[in-house]
Amino acid sequence: MGAPMAQEIRYNEAGLIPAIVQDTRTRQVLMMAWMNAESLQRTLELGETVFWSRSRQEFWHKGATSGNVQKVVAVHLDCDGDALLIEVEPAGPACHTGAVSCFFRKLGEF
């Protein structure tokens, strides 16, 4: 199989695609954010994650103010073309709370 092409990306009706961010070393899922075509292009060009903020309606370069940038190692497109997995080398915590991962709250015991 060849590398996915940009036209294979299936953005939702708002022009967005979910981007799951994973630490390339630990394999821990760090966060999920949204990207549009331009934020994905900026990410690929910059080599650091850039997302689209739905609440602020603006681009968001992760770590631009905190210093906790995420250096991109790889970007994967899922089999349906409607989600991204971005492997990164994080410079610090991903979560605005200071937690390493945004997924620190557990719903029940199983």
Side-chain angles (χ1 to χ4, degrees):
M1 292 185 143
M5 303 301 286
Q7 63 267 24
E8 294 180 59
I9 298 174
R10 293 179 40 213
Y11 296 95
N12 68 15
E13 60 283 344
L16 302 173
I17 188 168
I20 300 158
V21 180
Q22 181 182 42
D23 185 315
T24 195
R25 292 179 297 253
T26 67
R27 311 312 281 171
Q28 182 177 20
V29 173
L30 301 177
M31 59 182 287
M32 193 291 287
W34 294 94
M35 288 185 157
N36 60 20
E38 188 173 342
S39 64
L40 177 56
Q41 186 61 42
R42 288 184 184 195
T43 294
L44 297 173
E45 290 171 0
L46 183 62
E48 295 177 354
T49 54
V50 177
F51 304 106
W52 176 253
S53 171
R54 296 177 302 163
S55 58
R56 295 187 313 268
Q57 292 291 293
E58 65 184 17
F59 294 102
W60 161 42
H61 176 193
K62 178 67 176 153
T65 55
S66 68
N68 298 331
V69 295
Q70 298 171 334
K71 183 178 179 241
V72 176
V73 174
V75 178
H76 305 273
L77 183 63
D78 80 336
C79 59
D80 294 325
D82 61 1
L84 298 171
L85 173 65
I86 304 176
E87 292 183 56
V88 301
E89 291 177 353
C95 188
H96 72 280
T97 65
V100 171
S101 169
C102 293
F103 295 97
F104 59 87
R105 301 187 304 165
K106 192 174 189 180
L107 296 180
E109 296 294 326
F110 299 94

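Numbering of residues begins at 1 and proceeds along the displayed sequence.
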> What distance separates Asn12 CG from Asn36 CG, expressed to the nearest 0.5 Å?
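If I round to the nearest 0.5 Å, the distance is 10.5 Å.
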> So, for Arg10 and Ile17, which heavy atoms are closest and what is the spacing to 0.1 Å?
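That closest heavy-atom pairing would be O-CD1, 4.2 Å.
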> Of the non-hydrogen atoms in Val72 and Thr43, which two are nearest, and what is the gap between them?
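Smallest heavy-atom distance, with atoms named: CG2-CG2, 3.7 Å.
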> In Å and rounded to the nearest 0.5 Å, what is the CG to CD distance from Asp23 to Glu89?
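Here the interatomic distance stands at 8.5 Å.
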> Angle between ring planes, Trp60 versus Phe51, binned at 30° and 60°: parallel, tilted or perpendicular?
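Tilted: the ring planes of Trp60 and Phe51 meet at 30° to 60°.
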> What are the two closest non-hydrogen atoms of Ala33 and Met31, and how far apart are they?
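Heavy atoms of Ala33 and Met31 come nearest at CB-CE, 3.8 Å.
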> If you take all heavy atoms of Ala99 and Pro93, which pair is closest and at what distance?
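Result for this residue pair: O-CB, 3.3 Å.
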> Between Phe103 and Met32, which heavy-atom pair has the shortest distance, and what is it?
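Residues Phe103 and Met32, closest heavy atoms: CE1-N, 4.1 Å.
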> Measure across Gly67 and Ala91 and return the closest heavy-atom pair with its distance rounded to 0.1 Å.
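Answer, listing the atom of Gly67 first, then Ala91: O-CB, 3.7 Å.
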> Do Ile9 and Val21 share a hydrophobic cluster (ILVMFWY, side-chain heavy atoms under 4.5 Å, transitive)?
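Hydrophobic grouping puts Ile9 with Val21.
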> Do Val75 and Ile20 share a hydrophobic cluster, counting only Ile, Leu, Val, Met, Phe, Trp and Tyr and linking them when any side-chain heavy atoms are less than 4.5 Å apart?
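Result: no, two separate clusters.
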> What distance separates Arg42 CZ from Met35 CE, expressed to the nearest 0.5 Å?
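Going from CZ on Arg42 over to CE on Met35, the span is 11.5 Å.
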> Between CD of Gln70 and CD1 of Ile86, what distance do you get to the nearest 0.5 Å?
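Between atom CD of Gln70 and atom CD1 of Ile86 there are 8.0 Å.
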> Are Gln41 and Val50 close enough, and set up right, to give a side chain to side chain contact (heavy atoms under 4.5 Å, CB included), and what steps lead you there?
CA-CA 9 Å; Gln41 186 61 42; Val50 177; over 6 Å; no
> Give a yes or no on whether the backbone of Arg27 and the side-chain of Gln22 come within a donor-acceptor separation of less than 3.5 Å.
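Checking the backbone N and O of Arg27 against the side chain of Gln22, a donor-acceptor pair under 3.5 Å is found.
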> Taking Glu58's backbone N and O only, do any of them form a donor-acceptor pair with Ser53's side chain (distance below 3.5 Å, no angle check)?
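No.
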> Consider only side-chain heavy atoms of I, L, V, M, F, W and Y, link residues closer than 4.5 Å, and tell whether Val100 and Val88 are in one cluster.
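Shared cluster, yes.
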> Nearest 0.5 Å, what's the OG-NZ distance between Ser39 and Lys62?
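Here the interatomic distance stands at 14.5 Å.
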> Is Trp52 reachable from Leu77 through a run of I, L, V, M, F, W or Y residues, each pair having side-chain heavy atoms under 4.5 Å apart?
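Hydrophobic grouping puts Leu77 apart from Trp52.
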> Please answer: with hydrophobic residues joined when any side-chain heavy atoms are less than 4.5 Å apart, are Leu16 and Leu84 in the same cluster?
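Per the 4.5 Å side-chain linkage, Leu16 and Leu84 are not co-clustered.
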